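Below: one structure, written as structure tokens.
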Amino acid sequence: MSLEIRRVATRRDLRSFIRLPWAIHRNHPLWVPPLKFDVRHRLDRSRNPFFQHAEAEYFLALRDGEPVGRISAHYDRNFNAFHHNEWGMFGWFESRDDPLVARELLGAAEGWLRERGRDRMVGPLSFSTNDQDAGVLVDGFDRPPLILNQWTPPYYAELLEEGGLEKAMDLLMWQLYVDEREKVHPAIWKMAEEVSTKHGISVRSMCKRDLEAEVERFLDVYNEAWERNWGFVPLTDEEVRHYAKELKPILDENWAFIAEKDGETVGAALTLPDYNQVLVHMNGRVLPFGWLKALYWRRKIDKVRVFALGVKARHQHTGVAAKLYELHFDSAARTPQRGGEMGWILETNKAMNRAMEGMGGKVVSKYRLYGKSLVAGR
């Protein structure tokens, strides 16, 4: 049977690229189908502000005309400038359990990146660490993924390793039930108590009516607090506005916080209700009845994902993070969500991983990013 690797060049190709995960995963109970229109928008070079500073190509693998795999190759000029490197990325990886399909897809991505002067390939990232769906699962295959994470089968990591890639970084998801106050180290409560009285910092919920400004405040912290993180790239103003628009339907003021001192945003936490519990019932469609399912199942959401929690460096001694943790416990006491997961957190982020241990959390899932040198002899 013949195998063809084809660049996505037509509407039909793009439709096949988007629909392929259904052919591979639709019978697995833990796979959460994404909204097809959302995937289309993310891939659209004219709509996604990522492409104002990035280039990408999409590839399909077809066996006897039938799609059996897909991949993207892309590079981000902002990422390269920020890190002073020439890395390229791959993402949107899906494949049948077939090493030849994976090798040919990876080879197509490598070739495209080499042609554009990239010296290393890292992924899967769709498209950056600021986006959803980073890495492939290497632990936690028996758990449903929370919002902005995906479930991937065990053989994906095997295919990438057989394709010549090596581990670059692990991303940890921590389970935390924030109604279990007795498991928290007492020092955290003491630090939280002193945030206002000792340091003059106030912490409040985000205001959904002023969401674009609130997201800008959050991302002011995000771009500073995460700048030393492996793989980080700052968001542009256009991306901030784009994310604000995407977040508005799912943001819950009970779970999003801003810390301020003298008019400056010094810390923030963005925690999202687990809308994967809604998406799993919609099969990728809003119409004709998907919106009715969404209205019903959103009332059943019982978990959250602490997507990002950070404090600017010069205020990290003040206990702001502890106060943000405390507010999460308070929210759990008045909402249907009693816990969930935090992350992902880089395996190398010792401070945050220690904090999760201090909160009584435990690692329940692990996503892995892979890398490969594109320079001969390295």
Side-chain angles (χ1 to χ4, degrees), residues 3-8 13-14 16-26 28 30-34 36 38-40 42-43 48 50 54-63 66-76 87-113 118 120-141 145 148-171 231 344 365-372 374:
L3 181 67
E4 174 192 2
I5 305 298
R6 176 194 299 171
R7 294 191 184 197
V8 172
D13 290 343
L14 181 60
S16 295
F17 189 94
I18 292 170
R19 291 179 176 177
L20 179 63
W22 275 261
I24 297 175
H25 306 304
R26 64 186 168 204
H28 198 286
L30 295 181
W31 179 64
V32 179
K36 291 177 183 176
D38 179 60
V39 175
R40 187 177 296 275
R42 290 174 62 200
L43 294 169
N48 188 340
F50 172 78
E55 306 292 335
E57 190 67 81
Y58 311 135
F59 298 92
L60 272 173
L62 300 104
R63 176 164 279 127
E66 185 73 22
V68 291
R70 74 179 192 188
I71 202 168
S72 71
H74 51 278
Y75 67 93
D76 179 353
W87 288 13
M89 314 294 185
F90 75 95
W92 301 94
F93 176 76
E94 301 282 0
S95 176
R96 297 284 189 185
D97 189 3
D98 185 329
L100 178 59
V101 171
R103 279 199 306 271
E104 292 297 313
L105 286 168
L106 291 167
E110 290 174 27
W112 188 89
L113 292 170
R118 305 301 100 184
R120 182 169 175 79
M121 182 173 77
V122 175
L125 289 163
S126 308
F127 288 99
S128 76
T129 56
N130 294 323
D131 290 308
Q132 53 188 291
D133 300 341
V136 296
L137 272 175
V138 293
D139 192 19
F141 298 103
L148 304 182
N149 271 345
Q150 62 178 342
W151 180 88
T152 61
Y155 71 81
Y156 272 21
E158 296 170 8
L159 290 179
L160 296 177
E161 291 167 10
E162 290 175 10
L165 278 72
E166 298 179 343
K167 172 187 168 182
M169 182 64 67
D170 279 349
L171 317 173
W344 43 260
S365 318
K366 187 184 298 183
Y367 290 84
R368 182 162 294 170
L369 292 166
Y370 287 87
K372 180 179 182 179
L374 302 183

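FYI, the numbering just counts along the sequence from 1. Keep in mind it's a predicted model, so treat the numbers as computed, not measured.
Proximity of a side-chain donor or acceptor of His74 to a complementary backbone N or O of Ser128 within less than 3.5 Å is not detected. Side-chain N or O atoms of Asn48 include one that pairs as donor or acceptor with a backbone N or O of Arg42 at under 3.5 Å. Between the side chain of Ser126 and the backbone N or O of Trp92 there is at least one donor-acceptor pair closer than 3.5 Å. A donor-acceptor pair is defined here as one N or O able to donate and one able to accept, closer than 3.5 Å; no such pair exists between the side chain of Ser95 and the backbone of Gly69.
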Residues Leu14, Arg40; criterion side-chain contact (heavy atoms from CB on, under 4.5 Å); working and verdict: CA-CA 8 Å; Leu14 181 60; Arg40 187 177 296 275; 3.7 Å; yes

Ile24 vs Arg96, side-chain contact (heavy atoms from CB on, under 4.5 Å): CA-CA, chis, key distance, verdict: CA-CA 7 Å; Ile24 297 175; Arg96 297 284 189 185; 4.2 Å; yes

Worked verdict on Leu3 versus Val68 for side-chain contact (heavy atoms from CB on, under 4.5 Å): CA-CA 9 Å; Leu3 181 67; Val68 291; 4.1 Å; yes

Worked check of side-chain contact (heavy atoms from CB on, under 4.5 Å) between Leu137 and Trp151: CA-CA 7 Å; Leu137 272 175; Trp151 180 88; 3.8 Å; yes

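For the atom pair CD (Glu94) and CG (Leu159), the distance works out to 11.0 Å, reported to the nearest 0.5 Å. Glu104 contributes atom CD, which lies 10.0 Å from atom CG of Asp98 (distance to the nearest 0.5 angstrom). With rounding to the nearest 0.5 angstrom, the CZ atom of Arg103 is 7.5 Å from the CD atom of Glu162. Distance check: Glu55 CD to Tyr75 OH gives 4.5 Å after rounding to the nearest 0.5 Å.
When side chains are defined from C-beta on, Trp344 does not count as touching Lys366, because their heavy atoms never get closer than 4.5 Å. The shortest side-chain heavy-atom distance between Tyr156 and Pro124 does not fall under the 4.5 Å cut-off. In this structure, Val122 and Met169 have side chains that are not in contact, with every pair of non-hydrogen atoms separated by 4.5 Å or more. For the pair Phe90 and Leu160, the minimum side-chain heavy-atom distance is below 4.5 Å. Residues His25 and Pro33 are not in side-chain contact: their nearest non-hydrogen atoms beyond the backbone lie 4.5 Å or more apart. Contact annotation: the side chain of Asp76 never approaches that of Met89 to less than 4.5 Å [non-hydrogen atoms, C-beta and beyond]. Counting heavy atoms from C-beta outward, His28 and Phe141 have side chains that stay 4.5 Å or more apart. Here the side chains of Asp131 and Leu125 are not in contact, with every heavy-atom distance at 4.5 Å or above.
Closest approach of Thr129 and Gly231 over heavy atoms only: OG1-O, 2.9 Å. Residues Phe59 and Ala73 come closest through the heavy atom pair CE1-CB, 4.3 Å. Summarising the geometry of Ala102 relative to Phe93, their closest heavy-atom pair is CB-CZ, 4.2 Å, with the distance given to 0.1 Å. The shortest non-hydrogen separation linking Arg7 to Asp13 is O-OD2, 3.6 Å. Closest approach of Leu60 to Leu105, counting heavy atoms only: C-CD2, 4.2 Å. Considering all non-hydrogen atoms of both residues, Trp22 and Pro34 come closest at CH2-O, 3.4 Å.
For the side-chain contact (heavy atoms from CB on, under 4.5 Å) test with Tyr367, the passing option among Asp133, Val138, Leu171, Asp170 is Leu171; the others fail. Results of the side-chain contact (heavy atoms from CB on, under 4.5 Å) test with Tyr370 over Glu161, Glu166, Met121 single out Glu161 as the only residue that passes.
In this structure, Phe17 and Tyr58 have tilted ring planes: the angle between them lies in the 30° to 60° band.
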